[in-house]
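Before any comments, here is the structure.
Remember, predicted model here, so these are calculated numbers, not experimental data.
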Amino acid sequence: MTVETDELSSAKRKLIVRDAANFLGLIAVTAVLLVITLFLFRSFTAHRVELAQRWSARGQDALNQGRPDQAIVALRTALSYAPDERSYEMLLAQALGDAGHLDESYNYYLGLWETEPGDGFINLRLARLAAKKRDTQAAINYYRAAIYGTWEGDGTVRRREVRLELARYLISIRDNSSARTELLIAGGNNPNDVGVELTLADLLQQAGVPKDALNYYQKVLAQEPKNVTALAAAGRMEYESGNFEEAHHLLEEAAKQQESVGPREGVVPVDVSTMLANSTRILALSPSGPLSSGERVERILRARELAKKRFDDCNAQVSVASGLASPLQNLGSRWMAEGASLGRAALMKDPAAQDANVKLIFDTELQTSQICGAPTGDDALLLLLGRSPKTAGHSE
Amino acid sequence: MIEKEPVTKSGSASGVSVTTEEMIARIAPAREERIFLLLSIFIGVISGLLVVSFRMAIDWLSVLLLGSSPNPHQLRIVLIPAAAGLVIALLTRYVFPNVRGSGINQTKAALYINNGYISFRTVIGKFLLSALAIGSGHSLGPEDPSLQIGAGVASLISRRIGMSKEKLRIFAPIGAAAGLAAAFNAPISAILFVIEEVIGQWSAAVLGSIVLAAISSVVVARSFWGANPMFRIPPVTLRDSRELLAYAALGVFGGFASLIFAKSLSYLRPRLRRQPGWSQMLQPCLAGLLVGGIGYFGLPQVMGAGYGAMDQAMHAQFAWKMLLVLALFKIIATTLSFSSGTPGGMFAPTLFIGAMLGAAVGSFEKIYFPHLTGSIGSYALVGMGVLFAAFLRAPLTSVFMVLEVSGNYSIVLPVILANTIAYLISRILQPVPILEQFTHQDGLDLPSMEEIREESNLHLEDATQPVTVPVLQGSESIEDTVKSLAQYGEIKDIPVVLVHCPDGLWYAATRDELEALVAKPAGEISADPPEEHLALTLAEQLGPERTPVLFPDLPLSSALPHFQRWPLLPVTNRAMRGSLEGAVSLQDVLNRYQKR
């Protein structure tokens, strides 16, 4: 009995020792495996990071050098080593877009957008791609989401830039009214930045709201009276709206400033020079404005002579061509009237006759331009004067 | 090829002699139970570490062999898989003969045939050759080999510790769950897969250990790879319930795609295996050449496990036509790689095909029904589940896998719908699951998990008959009992009676017992004088023993052990104690089984 108990105890002890040794062995094996795996994993991770960086750098270079197809391959490889690296994803999406894979790029950005729907940059990219894909509503929605989205860095500036881009897009799709709204909002948030005001004015002009555009140019000129770009643009707008006196003043100033500052700050366009010359001549031809009675009559007589000649030429041209009664018959009867041949002395005495002559001159230029085509030379300038609401109002 | 358990001198798999086993059972009967759970943790940790190393080895080999950016028209894309195929064939033939195939059937064979035995050499071979095959671009996946590596680790450890045969067998699925969980980074799916595909039924005996091992291995894997799911999952949404139609269509496509995939494998694999030995040596090389050719001519995405392409599909980086092309060529490439005997798994290719199909359906819908579509990622995810359900015939795992991988419950409806459709199509058109076909091709007859799952279990109610024997009240005296019995005729004509005892239980008395009870002199039965004997109740005379309490819903087999003692078993109602529903005899039970 005792022998058996001793045997059992001994077996028990052996079993305990064996199990303990086995578990110690297991712990040792686990520890060794853990250390080896850890070492290999660190090396593995470092190698992957290195590969990701190397390929993303290649992708970035290819993108910068205008080789988006190569950039796509490189960036996809980079992403296979660092799948969660957002900057690589952004670059890849950009490369896809640059390579003309619009759908892929759009889908890629959409994937990114789904994880961060409030990201301003992604929304802007989506807006641009939607615009390229002619999905107007999506483009506008993404532009608006970009405006109200989050931005890294100076959010105010970015949002304004996006709003201006949206306005450009709206102008391009001829939604001028919405463009004007966006531009005015952008202007309202603008802390008197001349550059932005010039852009706003330019875009407002493109959106067909010259009055608002002119306001912004004037705002610029109030801050920088010698701003060549503003002077030239405002001059052109005044010219186009028939305010030749203001136009002349502004254009002259622009030309003067251009000469003094040289070609570095703004360049007066060629057409502005023409406008300046025209406005100078128009002011010399114009029978309105602060003129002495004698000077005014002189100008009327000179203009009347030009207009009469224009009428005669056009009338002859129309009669020969159609062989029918001239459509200028009515105008002809006005030229045949007594008032149209009054001399200097008679006109000096009769301001009403002066006004009637002025009206006849402008009507002649307007009607002949419709029938015989655009005039040239002084006739063209007289026509501009005739179309100018200021002059027209004055002449009435 | 299935490995055989080595026969030791003692006839034990572990090499521990029977006497030692007996001795251990004598001196420490609860030893195995105590160390079982602890060992499960060790198995989980070691499997996790090995699977992490395995994945690293694949990635490293891939960069080393195919370069850091494998792209079409690179010559090594063709040459490397072919050369690797040759090396693999040589090593498989001369060094690691048991590493062919995915690893699932080998693990099942270890469980059902070899008492859980998987050799260390097989574990090493599986690790090295699978890593080489996948890393060199063969279209195979790392999950199934991870499963076998885990099972091998479990087998090795349990043998080393000297566990009993019974326990050795149980350890293989525990290790399998650990390996798969680490490979998938999804413990629930791994546990379910092992239960659904390897064990075939829920077993309380191993569930705790499987869970423990799977969690341990996932903890280890996540400490290396991070807690993120296996795929970068975009936000998953179901915008409109009408979208379920698209998911249903995905289920149909998935069902047919899995059919094509399974048919291709079941056609090519046995034909290649029938070829002479020298030809089999060249098959992995040729398969590598063809798979490499697919990559060389424009589709390198189909090479290897293909996780990168799955990620890209999930993030809508392919057009739908390209996605369909990728799915088709993945089927071709995997069929070639797998049928050639190159070691590697089927999980990743299945998921790849599913992801491509799903993303194709999602992209198509996005173009033609833009107001309906959620993210393409949702479709890709559901597509993975669809192929998993239809091809591997693991419907439950497929649903949980998608939920676990996506971490989003809102996708459950599309997943269930699409998976069910695909599963049904696959079952109807391909009655024998592909894994079972492989076992038949290998000359094995492992249990079919699908059949086991669907086996209709018989219950007692299926054999219960109306009571035709006399029913006596246990509260009656012997005298009254004799009178009651008189109405049934002679006692010798009554084979058995049922006695309803006052405690609500029953006693089935045989004719002999009955005769003994009512026989005189009563002194033989009772020490009481005859008058007093006649005054005793029947229940008191029968003593405390009662027939077992059986209910109609119990398994029919539960009655079998009792027929040695009882000729008839009363079946009672669960709601009313002692209320008789009927009775079953051994013959009734046998008749019911034979009728099946």
Side-chain angles (χ1 to χ4, degrees), chain A residues 7-16 18-19 22-23 25-27 29-30 32-34 36-38 40-41 43-45 47-48 50-52 54-55 58 72-74 76-81 83-84 89 92-93 96 101 103-115 117 135 138, chain B residues 20 23-24 26-28 31 34-35 38-39 41-43 45-46 48-53 55-57 59-60 62-63 67-71 157 160-162 220 223-226 228 231-232 234-237 307-309 311-312 314-319 322 363 366-367 370 374-377:
Chain A
E7 266 181 21
L8 279 176
S9 299
S10 158
K12 218 172 203 170
R13 267 199 305 277
K14 276 183 189 165
L15 186 62
I16 290 168
R18 201 186 84 185
D19 281 352
N22 279 334
F23 273 103
L26 263 181
I27 291 168
V29 167
T30 310
V32 169
L33 258 178
L34 180 67
I36 293 171
T37 312
L38 210 59
L40 292 174
F41 188 78
S43 166
F44 171 79
T45 314
H47 188 54
R48 281 177 74 88
E50 189 195 317
L51 282 171
R54 192 192 302 166
W55 282 103
R58 283 187 198 176
I72 290 170
V73 174
R76 279 204 166 131
T77 308
L79 274 168
S80 71
Y81 295 110
D84 293 321
E89 290 180 313
L92 176 57
L96 286 167
H101 305 298
D103 283 334
E104 280 183 54
S105 177
Y106 191 71
N107 285 342
Y108 203 95
Y109 274 122
L110 265 184
L112 295 171
W113 179 88
E114 277 164 354
T115 54
D135 187 348
Chain B
T20 312
M23 178 72 95
I24 289 170
R26 253 182 86 193
I27 58 176
R31 171 183 170 267
R34 281 178 192 153
I35 61 177
L38 193 60
L39 276 185
I41 296 172
F42 272 106
I43 288 167
V45 172
I46 294 176
L49 289 170
L50 281 178
V51 170
V52 168
S53 306
R55 292 285 293 273
M56 277 193 293
D59 279 8
W60 234 326
S62 176
V63 173
S68 57
S69 179
N71 280 301
I157 291 176
R160 179 75 199 149
I161 295 292
V220 170
S223 66
F224 285 94
W225 302 116
N228 293 334
F231 303 102
R232 293 180 313 131
V236 173
T237 49
Y307 292 132
D311 184 82
Q312 287 174 10
M314 218 174 274
H315 291 84
Q317 290 179 38
F318 296 117
M322 178 65 174
S363 303
K366 201 157 197 142
I367 294 167
S375 73
I376 289 172

Item checked: Region of B:F224 that comes under 4.5 Å of a non-hydrogen atom in chain A -> both
Notebook entry, point to check: How long is the gap from CZ on A:F41 to CG on B:L49, to the nearest 0.5 Å?
Noted result: 11.5 Å
Margin query: Which heavy atom of A:Y81 sits nearest to which heavy atom of B:S68, and what is that distance?
Written below: OH-O, 2.6 Å
Checklist line | Atom of A:R48, atom of B:D59 and distance for their closest heavy-atom approach | finding: NH1-OD2, 3.1 Å
Notebook entry, point to check: Can you check whether B:I46 reaches A:L26 side chain to side chain, under 4.5 Å on heavy atoms?
Noted result: yes
Next item on the list: Sort out for me which of A:L92, A:L33, A:I36, A:N22 touches chain B most, counting heavy-atom pairs under 4.5 Å.
Entry: A:N22
Next item on the list: Report the option among A:D84, A:D103, A:V73, A:L51 that has the most heavy-atom pairs separated by less than 4.5 Å from atoms of chain B.
Entry: A:D84
Check: Heavy-atom distance under 4.5 Å to chain A: side chain of B:N71, backbone, both or neither?
Finding: side chain
Notebook entry, point to check: Have A:W55 and B:S69 got a donor and an acceptor in their side chains that come within less than 3.5 Å?
Noted result: no
Item checked: Heavy-atom contact with chain B under 4.5 Å, split by part of A:H101 -> neither
Next item on the list: Please determine, among A:H47, A:R76, A:K12, the option with the most heavy-atom pairs under 4.5 Å with chain B.
Entry: A:R76
Checklist line | For A:F23 against B:L38, the heavy-atom pair lying closest together | finding: CE2-CD2, 3.5 Å
Note to self: Check this for me: A:R58, atom CZ, are more than 12 non-hydrogen atoms of other residues, nucleotides or ligands nearer than 6.0 Å?
What the structure shows: yes
Margin query: If you count heavy-atom pairs within less than 4.5 Å of chain B, which of A:L79, A:T37, A:T77 leads?
Written below: A:T37
Notebook entry, point to check: Are any non-hydrogen side-chain atoms of A:V29 and B:F42 less than 4.5 angstrom apart?
Noted result: no
Note to self: As an exercise: rank A:L38, A:L110, A:L96 by heavy-atom pairs under 4.5 Å with chain B and give me the winner.
What the structure shows: A:L38
